[in-house]
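Everything below concerns the one structure shown next.
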Amino acid sequence: MVAVTAEQNPPMQKNKDLIAAIATPSGRGGIGVVRVSGAEIAEIAEGLLGGLPQPRYASYTNFLDASGQSIDQGIALYFPAPNSFTGEHVLELQGHGGPAVMHALLARCLQLGARLAEPGEFTYRAYLNGKLDLAQAESVVDLIDASSIEAARSALHSLSGEFSRRIQAMQTRLTELRMRVEASLDFPEEEDVVEAEQEKVRAGITETLQELAEVLAAAKQGALLRDGVHVALIGQPNVGKSSLMNALTGEEVAIVTEIAGTTRDALRYEIVLEGVSFHLIDTAGLRETADTVERMGIERTWQAVERAGIALLLVDSQHGLGDPERAIISGLPQGIAHITVHNKIDLSGEPVRAGAREIWLSAKTGAGLDALRVELLKLAGWQPAGEGGFMARSRHLDALVRAQARLQLAQELPGRLELQAEELRLAQAVLSEITGEFTPDDLLGEIFSRFCIGK
């Protein structure tokens, strides 16, 4: 797959073009796929295959160059519009997955009138043609990028429309509430009617806020599955940060010696707990030093801490929590969660135990590691979402929080019908951003530009 930057926006004005791209990852493989989409696909099929294959039938055939010689042999699949991924005519060519073959096949498609697809353009067309809403389109990438089966399952639920259905149910309720407020505005002299309608509106807003809180909680879990949490291992030199890194990962990823200051640069490794990715960062020991290289490592430690969601402060349990550790705690960024890990209980003789954000363990023997894993999940805010979980992104969380704020304002405006109607309208508009019913073109460009070419 091809990485792209957010500045490369899909060509919104070119969505009628015939597009083609290699849809499988770069490199060698047993099978490679070239995908073509657009109205004039018959010309591609005629020049490349000798004619359109039977719809939705796997045809084993030769892929021909301009002189009629075979580029490759493989399977051609034709999906007529609107029953295809993009909603347009789609031709998929499955050949041998060598780079030379795939690029020759793609070049032949371009020669026959297609142009190279932009990043995310196939999915963008599916969105434009009503095959997917915006939340579903984003879940396509989330499913591809899923780092655990739980993340993949949640992305698949989003792709099937679970998230969108809950958003649309709230939008339907808001439409009803807006109609009731508008009715009250039309008949202000009917005081009994207005009061009855306002009572229903208040009850409806309360119900919607409860539903929104549930969706927001589930969305936070989905965002956690998607993005994971960065965890910085910090502390003085030689307290066992690298040993703990190795113990949590189950591999010798960090050098462990009795010499203080061994770790100079930050080491990163990912572990998965209950489907949640924890990005561990083993950092240089924090102490006063004249060593220029070690001092640079300490500066990078604090940079890593700034970006982390959780800090594990390691303490040698033989010495306990002292002034140097308290100084480190006081220097942590505001709002970062931290756990004090009393390591080396195999030497101090202390038992495994856990308190308020404190754990006693041995990275060497593994005693107490399970308690640390449980605490990491707790601090991350993980709650198993069950079969109904769905994937979510930071923009979804932002929209849900903004809609929540609008509804809370509407709830606080009984009797001020014009203002209440406006807040309900704004709440509905914010929710529509999630599914793409109302989304600025520049946001669409940024979203789809992050997709792979060929997807």
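Residue indices begin at 1 and follow the sequence shown.
Contact annotation: the side chain of L248 approaches that of L280 to within less than 4.5 Å [non-hydrogen atoms, C-beta and beyond]. Counting only heavy atoms from C-beta outward, the side chains of W382 and L225 approach each other to under 4.5 Å. Using a 4.5 Å heavy-atom cutoff, the side chains of V315 and V341 are not in contact. Put simply, the side chain of E375 reaches to within 4.5 Å of the side chain of I359, judged on heavy atoms. Considering only heavy atoms from C-beta on, V36 comes within 4.5 Å of I41 through its side chain. Two residues are said to be in side-chain contact when any heavy atoms from C-beta on lie closer than 4.5 Å; L431 and Q428 fail this criterion. Between R268 and H279 there is no side-chain heavy-atom pair separated by less than 4.5 Å. Taking 4.5 Å as the limit, every side-chain heavy atom of H96 sits out of range of all side-chain heavy atoms of I31.
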### Task
Mind running side chain to side chain donor-acceptor pair (under 3.5 Å) on Q73 and T61 for me, showing each step along the way?
CA-CA 6 Å; Q73 291 180 324; T61 184; over 6 Å; no

### Task
Applying side chain to side chain contact (heavy atoms under 4.5 Å, CB included), run through F390 and V215 and close with a yes or a no.
CA-CA 10 Å; F390 49 79; V215 173; 4.1 Å; yes

### Task
Begin from the C-alpha positions of E433 and R402 and carry the test salt bridge (Lys or Arg N to Asp or Glu O under 4.0 Å) through to its verdict.
CA-CA 11 Å; E433 293 177 14; R402 286 188 287 127; 2.8 Å; yes

### Task
Go through the steps for L116 and I19 under the test side chain to side chain contact (heavy atoms under 4.5 Å, CB included), then give the verdict.
CA-CA 6 Å; L116 185 63; I19 56 172; over 6 Å; no

### Query
For D133 and Q168, what are the C-alpha separation, side-chain angles and deciding distance, and is it a side chain to side chain contact (heavy atoms under 4.5 Å, CB included)?
CA-CA 11 Å; D133 65 32; Q168 286 161 1; 4.0 Å; yes

### Task
Assess whether ring pair (Phe, Tyr, Trp, His ring centres under 6.0 Å) is satisfied between H396 and F163, documenting all intermediate values.
CA-CA 10 Å; H396 302 151; F163 187 24; 5.3 Å; yes

#### Entry: Step-by-step side chain to side chain contact (heavy atoms under 4.5 Å, CB included) determination, H342 to L361
CA-CA 6 Å; H342 300 265; L361 56 73; over 6 Å; no

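To the nearest 0.5 Å, atom CD of residue E138 and atom OG1 of residue T435 are 10.5 Å apart. One finds the OG atom of S158 at 8.5 Å from the CD atom of Q136 (value rounded to the nearest 0.5 Å). For the atom pair CG of L372 and CG of L312, the computed distance is 5.5 Å after rounding to the nearest 0.5 Å. Taking CD1 from I339 and NZ from K378, the interatomic distance works out to 9.0 Å, rounded to the nearest 0.5 Å. Here OG of S139 is found 7.5 Å from CG of L132. Values are rounded to the nearest 0.5 Å. Of the inter-residue distances, the one linking K241 atom NZ with I234 atom CD1 reads 9.0 Å to the nearest 0.5 angstrom.
No donor-acceptor contact under 3.5 angstrom links the side chains of Y78 and Q54, judged on distance only. With hydrogens and angles left out, the side-chain atoms of T206 and Q411 include a donor and acceptor closer than 3.5 Å. Using modelled atom types, one finds a donor on one side chain and an acceptor on the other under 3.5 Å when comparing R108 with Q111. Using modelled atom types, one finds a donor on one side chain and an acceptor on the other under 3.5 Å when comparing E88 with S37.
When all heavy atoms are compared, the tightest approach of V272 to S277 is CG2-OG, 4.0 Å. Across every non-hydrogen atom of V181 and L417, the tightest pair is CG1-O, 3.5 Å. When every heavy atom of L313 is checked against every heavy atom of G235, the shortest pair comes out as CD1-CA, 3.9 Å. Residues L407 and I205 approach most closely at O-CG2, 3.6 Å, considering heavy atoms. Looking at every heavy atom in both residues, A399 comes nearest to V430 through O-CG1, 3.0 Å. Heavy atoms only, all atoms of each residue included: E118 and E121 are closest at N-OE1, 2.9 Å.
The existence of a salt bridge linking R153 and E150 is excluded, since no basic side-chain nitrogen approaches an acidic carboxylate oxygen closer than 4.0 Å. Here E214 pairs with R166 in a salt bridge; the nearest charged N to carboxylate O distance falls below 4.0 Å. For the pair D227 and R393, the salt-bridge criterion is not met [side-chain N within less than 4.0 Å of a carboxylate O]. Ion pairing between a basic and an acidic side chain is recognised when a charged N comes within 4.0 Å of a carboxylate O; R373 and D370 show such pairing. Look at E176 and R180 and you find a salt bridge, because one of the NZ, NE, NH1 or NH2 atoms lies within 4.0 Å of a carboxylate O, short of that distance. With salt bridges taken as basic N to acidic carboxylate O contacts below 4.0 Å, none links R173 and E211.
The backbone N or O of K364 sits nowhere less than 3.5 Å from a side-chain atom of K344 that would complete a donor-acceptor pair. Checking side-chain atoms of T249 against main-chain N and O of N246 turns up a donor-acceptor pair under 3.5 Å. Not one N or O on the side chain of E423 forms a donor-acceptor pair closer than 3.5 Å with the backbone of A410. Counting only distance, with no hydrogens or angles, the side chain of D72 and the backbone of G95 share no donor-acceptor pair below 3.5 Å. Under a 3.5 Å cut-off, the side chain of S160 and the backbone N or O of H157 do form a donor-acceptor pair. Put simply, the side chain of D142 never gets that close to the backbone of A152: no donor and acceptor are under 3.5 Å apart. In this structure a side-chain-to-backbone donor-acceptor pair under 3.5 Å is missing from D398 to S394. Y60 places no side-chain N or O within 3.5 Å of a backbone atom of A76 that could act as its donor or acceptor partner.
Crowding of R165 atom CZ: a count of heavy atoms from other residues, nucleotides or ligands under 6.0 Å exceeding 12.
None of L379, I329, I310 except one satisfies the side chain to side chain contact (heavy atoms under 4.5 Å, CB included) rule with H338; the exception is I329.
No close placement of the F278 and H230 rings is indicated, their centers lying 6.0 Å or farther apart.
With sequence neighbours excluded, the residues forming a side chain to side chain contact (heavy atoms under 4.5 Å, CB included) with L397 are L216, A219, K220, A223, listed by chain and number.
A cation-pi arrangement, defined by a distance under 6.0 Å to the six-membered ring centre and an angle within 45 degrees of its axis, is present between R35 and F122.
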